[in-house]
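Take a look at the structure set out below.
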Amino acid sequence: TDVANACTKEQLKTLAAGKLTVATDKPAYPPYFEDDTPANGKGFESAVAYAIAKQLGYTPAEVKWVVEPFNSSYAPGPKKFDFDVNQISITPQRTKAVDFSAPYFEAPQALVALKGSDAATSTSLADLKDTQLGVQIGTTSLTAVNDIIKPNKQAKVFDNSNDVVTALKQKQVDAVVVDLPTAFYLTAAQVPDATIVGQFPVPGGDQWGALLAKDSPLTACVSKAVEAIRSSGQLAKINQQWLGEAAGAPELQ
């Protein structure tokens with residue numbers, strides 16, 4: 001019960017008393033944030049932040065947003081936020097300098113094809129058996145193609161992500177498999193005439209956590225809040241709402 005009591009608004013040693021200061025970068029992009037306004041509660045990470053806040057006893061009005069550039073968030077030293085949500089992957093290197101909460105996201109894989117192509121009409125993993133896929137070497141995506149899709153044609157393997165993008169643009173491949181966050185970026189910025197055909201879960205994907213200062217007194221409580229919204233099913237609902245059909249990334253069975 002000590003931990004339960006320690007994780008109440010009265011007990012939490014936040015930056016500003018009675019407030020929860022949450023950081024992310026600017027601009028804040030969809031589908032993680034909408035309208036570049038983290039405080040509106042819309043978008044995957046905005047919704048997650050408010051769900052964590054609610055678990056800790058804070059109302060939306062008691063959540064204050066600040067800007068923190070991505071690269072400086074995981075630098076050592078004091079922080080001007082209680083926690084940061086900004087698609088930050090939990091890595092051994094980063095955990096030397098900062099704390100992470102329990103993960104609130106594990107990246108699924110996504111299939112990206114050019115609009116109007118045969119591959120773009122796929123609705124299941126079985127539809128991809130005869131598709132010429134492209135993938136980057138040494139990635140979870142390559143494992144996913146070989147172990148889950150098991151295409152009849154061997155996937156074309158590229159040395160880096162730029163080569164994967166170029167292969168799709170130049171139609172050297174019918175479709176590429178990348179993780180979902182990459183797929184959002186790829187279709188928004190790199191190949192606007194490409195579309196996310198769908199997503200599918202694969203173990204071993206990149207995990208994101210709320211980032212806190214090293215040895216923050218809040219880390220255990222934020223983790224506990226993440227676990228609570230996961231076990232209640234709320235996290236899955238937020239994920240589905242903002243990173244699923246609405247974001248144009250239906251699940252491929």
Taking atom types as modelled, is there a side-chain donor on [X] or [Y] under 3.5 Å from an acceptor on the other?
{"X": "T166", "Y": "D163", "answer": "no"}
{"X": "E45", "Y": "Q87", "answer": "yes"}
{"X": "D127", "Y": "S122", "answer": "no"}

Subject >> Within 6.0 Å of CG in D159, more than 12 heavy atoms from elsewhere >> reply: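 No, the 6.0 Å shell around CG holds no more than 12 heavy atoms from other groups.
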pair [X]-[Y]: side-chain heavy atoms closer than 4.5 Å:
{"X": "V112", "Y": "V178", "value": "yes"}
{"X": "P108", "Y": "Q199", "value": "yes"}
{"X": "L142", "Y": "V157", "value": "yes"}
{"X": "V135", "Y": "K156", "value": "no"}

**OP:** Among V222, V48, N239, find the residue that satisfies the side chain to side chain contact (heavy atoms under 4.5 Å, CB included) test when tested with Y104.
**Re:**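 For Y104, the side chain to side chain contact (heavy atoms under 4.5 Å, CB included) test succeeds with only one of V222, V48, N239, which is V48.
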Subject >> Criterion side chain to side chain contact (heavy atoms under 4.5 Å, CB included) against V66, the qualifying member of D84, V22, L15, T21 >> reply: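 When side chain to side chain contact (heavy atoms under 4.5 Å, CB included) is applied between V66 and each of D84, V22, L15, T21, only T21 qualifies.
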**OP:** Go through the steps for S89 and D206 under the test side chain to side chain donor-acceptor pair (under 3.5 Å), then give the verdict.
**Re:** CA-CA 6 Å; S89 301; D206 231 14; 2.6 Å; yes
Subject >> Trace of the ring pair (Phe, Tyr, Trp, His ring centres under 6.0 Å) decision for W208 with Y32 >> reply: CA-CA 12 Å; W208 302 345; Y32 313 110; 5.5 Å; yes
**OP:** Sorted by first residue and then second, give each salt bridge (Lys or Arg N to Asp or Glu O under 4.0 Å) pair with at least one member in residues 59-80; sequence neighbours left out.
**Re:**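 For residues 59-80, and leaving out neighbouring residues, the salt bridge (Lys or Arg N to Asp or Glu O under 4.0 Å) pairs sorted by first residue read K9-E62, E68-K80.
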Subject >> Minimum-distance pair of heavy atoms, taken over all atoms of A102 and S223 >> reply: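 Distance-wise, the nearest heavy atoms are N-OG, 2.8 Å.
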**OP:** Name all residues meeting the side-chain hydrogen bond (donor to acceptor under 3.5 Å, both in side chains) criterion together with N71; count only those two or more places apart in sequence or in a different chain, and write none if there are none.
**Re:**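 side-chain hydrogen bond (donor to acceptor under 3.5 Å, both in side chains) check on N71 returns Y74.
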Does the [X] side chain pair with the main chain of [Y], one donor and one acceptor, at a distance under 3.5 Å?
{"X": "T140", "Y": "G205", "value": "no"}
{"X": "T37", "Y": "D35", "value": "yes"}
{"X": "R230", "Y": "P103", "value": "yes"}

Subject >> side-chain contact (heavy atoms from CB on, under 4.5 Å) between T143 and V202, intermediate numbers included >> reply: CA-CA 9 Å; T143 311; V202 174; 5.8 Å; no
In Å and rounded to the nearest 0.5 Å, what is the [atom1] to [atom2] distance from [X] to [Y]?
{"X": "L168", "Y": "L186", "atom1": "CG", "atom2": "CG", "value": "6.5 Å"}
{"X": "D82", "Y": "Y58", "atom1": "CG", "atom2": "OH", "value": "7.0 Å"}
{"X": "I149", "Y": "S124", "atom1": "CD1", "atom2": "OG", "value": "10.5 Å"}
{"X": "D36", "Y": "Y29", "atom1": "CG", "atom2": "OH", "value": "8.0 Å"}
{"X": "D174", "Y": "L111", "atom1": "CG", "atom2": "CG", "value": "10.0 Å"}
{"X": "Q253", "Y": "T123", "atom1": "CD", "atom2": "OG1", "value": "10.0 Å"}

Original post:
Please walk me through it: do Q241 and F44 pass side-chain contact (heavy atoms from CB on, under 4.5 Å)?
Top reply: CA-CA 8 Å; Q241 180 179 357; F44 175 66; over 6 Å; no
**OP:** Show your reasoning for whether side-chain contact (heavy atoms from CB on, under 4.5 Å) applies to I52 and F83.
**Re:** CA-CA 10 Å; I52 291 172; F83 67 82; 4.0 Å; yes
Original post:
Are any of the side-chain nitrogens in K153 or D130 under 4.0 Å away from the carboxylate oxygens of its partner?
Top reply: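 A salt bridge is absent here (no side-chain N lies under 4.0 Å from a carboxylate O).
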**OP:** Determine, stepwise, if the pair F200 / L180 fulfils side-chain contact (heavy atoms from CB on, under 4.5 Å).
**Re:** CA-CA 9 Å; F200 57 102; L180 184 63; over 6 Å; no
